[in-house]
2 protein chains.
Amino acid sequence: MPQPTSERRGAGRPPRISRPEILAAARAVIDAEGVAKLTMRRLAREVGSTPMALYHHVRDKEELLLLLLAEYAAGMPRPALPDDPRERILAVATGMRDGLAGCPWIVEVLAADDLLASEALWYGDRIVDAFMAGGLATEAAVHAYRAIWYYTAGEIIVRASAGRRAEAGRPTYRETVFADVDAAEYPRLAEIGADWIPLTAQDAYADGLSALVDGLLARAA
Amino acid sequence: MPQPTSERRGAGRPPRISRPEILAAARAVIDAEGVAKLTMRRLAREVGSTPMALYHHVRDKEELLLLLLAEYAAGMPRPALPDDPRERILAVATGMRDGLAGCPWIVEVLAADDLLASEALWYGDRIVDAFMAGGLATEAAVHAYRAIWYYTAGEIIVRASAGRRAEAGRPTYRETVFADVDAAEYPRLAEIGADWIPLTAQDAYADGLSALVDGLLARAA
DNA sequence: ACCTGAACACCGTTCAAGT
DNA sequence: ACCTGAACACCGTTCAAGT
């Protein structure tokens with residue numbers, strides 16, 4: 001079994017590459033050229049080794065990405081916590097989203113499982129706690145947290161893929177579609193017309209979040 | 001330029017495969033084995049041709065997926081529209097989500113751009129309209145629609161990837177994480193403990209949606 | 001006009017061998 | 001214990017040629 005790293009130092013051949021070194025190189029590739037460019041072969045080249053050497057330090061590519069996620073999540077900022085439950089939820093959720101926005105690939109890759117990398121548990125814990133402070137029962141608080149996670153993950157993923165498309169010079173589907181919206185069939189969209197694009201480019205995360213939290217907290221009464 | 005299909009029939013060699021045939025075969029592969037198994041080479045085998053023949057009928061793999069999306073979206077059910085704006089929003093959004101839940105791969109692949117395949121414009125149009133009927137200004141209504149889209153896309157993506165993981169027999173990260181939650185650091189999560197898993201497996205889409213819509217409509221007053 | 005074959009430039013991963 | 005080389009079984013796509 002290939003164990004993570006040197007169990008008993010001194011035995012056998014000395015390592016030429018280490019897991020931290022591999023992770024650092026992987027992060028560099030992603031930051032510079034995007035997650036799509038991160039391949040085992042490329043990474044091997046980057047650390048001056050062979051693809052197979054990597055498999056001595058990580059089980060497979062999936063584990064590599066998981067490790068990168070854990071590392072990133074550990075470094076995310078933890079906002080100050082206001083006393084008011086509602087404000088607390090907003091602060092934590094916004095912190096989570098701002099943190100994740102800095103590395104959208106991570107959400108794309110893992111598409112979630114709740115971002116329950118153990119380093120990110122804090123966000124979930126604080127949000128559940130604040131909903132309970134706001135009057136929700138435990139179960140309702142967990143569901144409320146999930147709603148916020150769905151909203152946040154959706155926002156990040158949609159934004160990230162729109163960004164990717166724009167970068168690739170693709171005509172972002174909706175631009176082509178809005179050129180000929182049938183006013184009879186879709187009256188509202190026809191009315192909005194070209195305004196749709198700048199409108200949806202605006203950052204409305206905070207507005208929607210605040211509405212969602214209001215709606216969720218209203219269940220407490 | 002390779003034009004979509006036979007422009008002037010009778011000229012040149014008669015086609016052996018057609019775009020509809022290709023799309024049908026692609027759908028069959030996805031339904032049977034998932035989107036990951038859909039490759040140009042596999043598809044060629046499936047229609048009894050060569051990979052390159054496909055490129056005469058679709059520009060590239062991305063276009064193929066776009067065509068599949070358009071086809072699927074065109075067949076999605078359009079729920080009846082209640083008079084009350086709030087009920088209308090809930091009905092349309094739920095219809096959208098139920099339709100998409102039937103083919104989660106589509107959201108994964110496109111990760112969105114608002115699902116503005118022209119066939120799916122209807123959902124957006126009806127939701128914006130209902131928010132306006134509920135008293136929101138045009139801009140606010142568009143933002144409200146977006147909030148619902150984020151929430152819905154997030155729900156579908158998170159669910160789909162959790163399902164994929166379960167199918168693959170992976171230990172769904174959170175199960176491993178919850179084994180040793182630090183009660184001092186994350187008191188709420190420790191308290192919830194093993195309940196987290198069945199709790200988050202519940203379908204809480206409707207609850208969250210309803211809270212979100214309440215919160216959004218409250219902005220009208 | 002439509003299709004084929006061969007090729008290019010890649011992937012992730014396994015296996016057997018070297019030091 | 002750690003690393004290498006060669007190989008397996010794939011990808012999407014281009015190019016030049018055939019019918």
Side-chain angles (χ1 to χ4, degrees), chain A residues 1-23 25-26 29-30 33-68 105 109-110 164 168-170, chain B residues 1-23 25-26 29-30 33-68 105 109-110 164 168-170:
Chain A
M1 309 284 107
Q3 281 307 109
T5 346
S6 44
E7 297 261 275
R8 292 177 305 269
R9 295 187 60 114
R13 191 170 167 170
R16 295 157 91 89
I17 53 175
S18 65
R19 188 184 265 195
E21 191 188 345
I22 291 170
L23 292 178
V29 170
I30 290 175
E33 307 177 42
V35 72
K37 293 279 183 191
L38 181 70
T39 68
M40 297 304 268
R41 293 167 124 99
R42 167 70 189 278
L43 189 53
R45 232 181 305 141
E46 219 69 34
V47 297
S49 188
T50 65
M52 275 320 298
L54 302 176
Y55 287 89
H56 232 272
H57 299 268
V58 297
R59 183 145 50 81
D60 53 20
K61 197 183 176 184
E62 166 127 14
E63 191 188 57
L64 176 70
L65 291 168
L66 253 333
L67 290 169
L68 286 169
W105 65 267
V109 168
L110 293 182
R164 228 188 307 114
R170 288 253 171 193
Chain B
M1 311 284 106
Q3 282 306 107
T5 346
S6 44
E7 296 261 277
R8 293 176 305 268
R9 295 186 59 113
R13 189 170 168 172
R16 297 155 91 90
I17 53 174
S18 66
R19 189 184 265 196
E21 190 189 345
I22 291 169
L23 292 178
V29 170
I30 290 174
E33 307 177 39
V35 72
K37 293 281 183 189
L38 181 70
T39 68
M40 298 303 268
R41 294 168 125 98
R42 167 69 188 279
L43 189 52
R45 232 181 306 141
E46 217 71 33
V47 298
S49 188
T50 65
M52 276 320 299
L54 301 177
Y55 286 87
H56 232 272
H57 300 268
V58 296
R59 184 146 49 84
D60 53 19
K61 197 183 176 183
E62 166 126 15
E63 190 187 59
L64 176 71
L65 291 168
L66 253 333
L67 290 169
L68 286 170
W105 64 268
V109 168
L110 293 182
R164 228 188 308 113
R170 287 253 172 191

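Just so it is clear, the values below take in all heavy atoms, side chains as well, and ignore hydrogens, waters and symmetry mates. Just so you know, these numbers come straight off a predicted model, no measurement behind them. Note on naming: letters A, B, ... go to the chains in the order of the sequence lines (proteins, then strands), and numbering restarts at 1 for each one.
The main-chain N or O of A:Ile22 is never found under 3.5 Å from a side-chain atom of A:His57 such that the two would form a donor-acceptor pair.
Atom C1' of nucleotide D:dA1 and atom CD1 of A:Ile17 are separated by 13 Å, given to the nearest angstrom. Taking atom CZ of residue A:Arg16 and atom C1' of nucleotide D:dA1, one finds them 13 Å apart after rounding to whole Å.
With both ends at atom C1', the span from D:dA7 to C:dC11 equals 14 Å, rounded to whole Å. With C1' as the reference atom, D:dA9 and C:dC10 are 13 Å apart, rounded to whole Å. Atom name C1', nucleotides D:dC3 and C:dC15: the rounded distance is 14 Å, in whole Å.
Residues passing the side chain to side chain donor-acceptor pair (under 3.5 Å) test with B:Arg45, sequence neighbours excluded: none. Applying the side chain to side chain donor-acceptor pair (under 3.5 Å) test to B:Arg42 and every residue at least two apart in sequence or in another chain returns B:Glu33, B:Glu46. Remark: B:Pro51 engages B:Arg41, B:Ala44 in a side chain to side chain contact (heavy atoms under 4.5 Å, CB included) (not counting sequence neighbours). By the salt bridge (charged side-chain N to carboxylate O under 4.0 Å, His left out) test, B:Glu21 pairs with no residue at all, sequence neighbours left out.
For the atom pair CG of B:Leu23 and CG of B:Leu65, the computed distance is 10.0 Å after rounding to the nearest 0.5 Å. B:Leu66 contributes atom CG, which lies 9.0 Å from atom CG of B:Asp60 (distance to the nearest 0.5 angstrom). Of the inter-residue distances, the one linking A:Leu68 atom CG with A:Glu63 atom CD reads 10.5 Å to the nearest 0.5 angstrom.
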Does the protein touch nucleotides 7-17 of chain D at the base, only the backbone, or not at all? Give it as B, S and - per nucleotide, heavy atoms under 4.0 Å.
B---BBBBB--
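Look at A:Ser49 and you'll find a side-chain N or O under 4.0 angstrom from OP1 or OP2 of D:dT4. Within the structure, a side-chain polar atom (N or O) of B:His57 is placed less than 4.0 Å from OP1 or OP2 of C:dC3.
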Dot-bracket assigned to DNA chain D with the 3.5 Å Watson-Crick/G-U criterion, [ ] for crossing and | for other-strand pairs, is ||.|||||...|||||.||
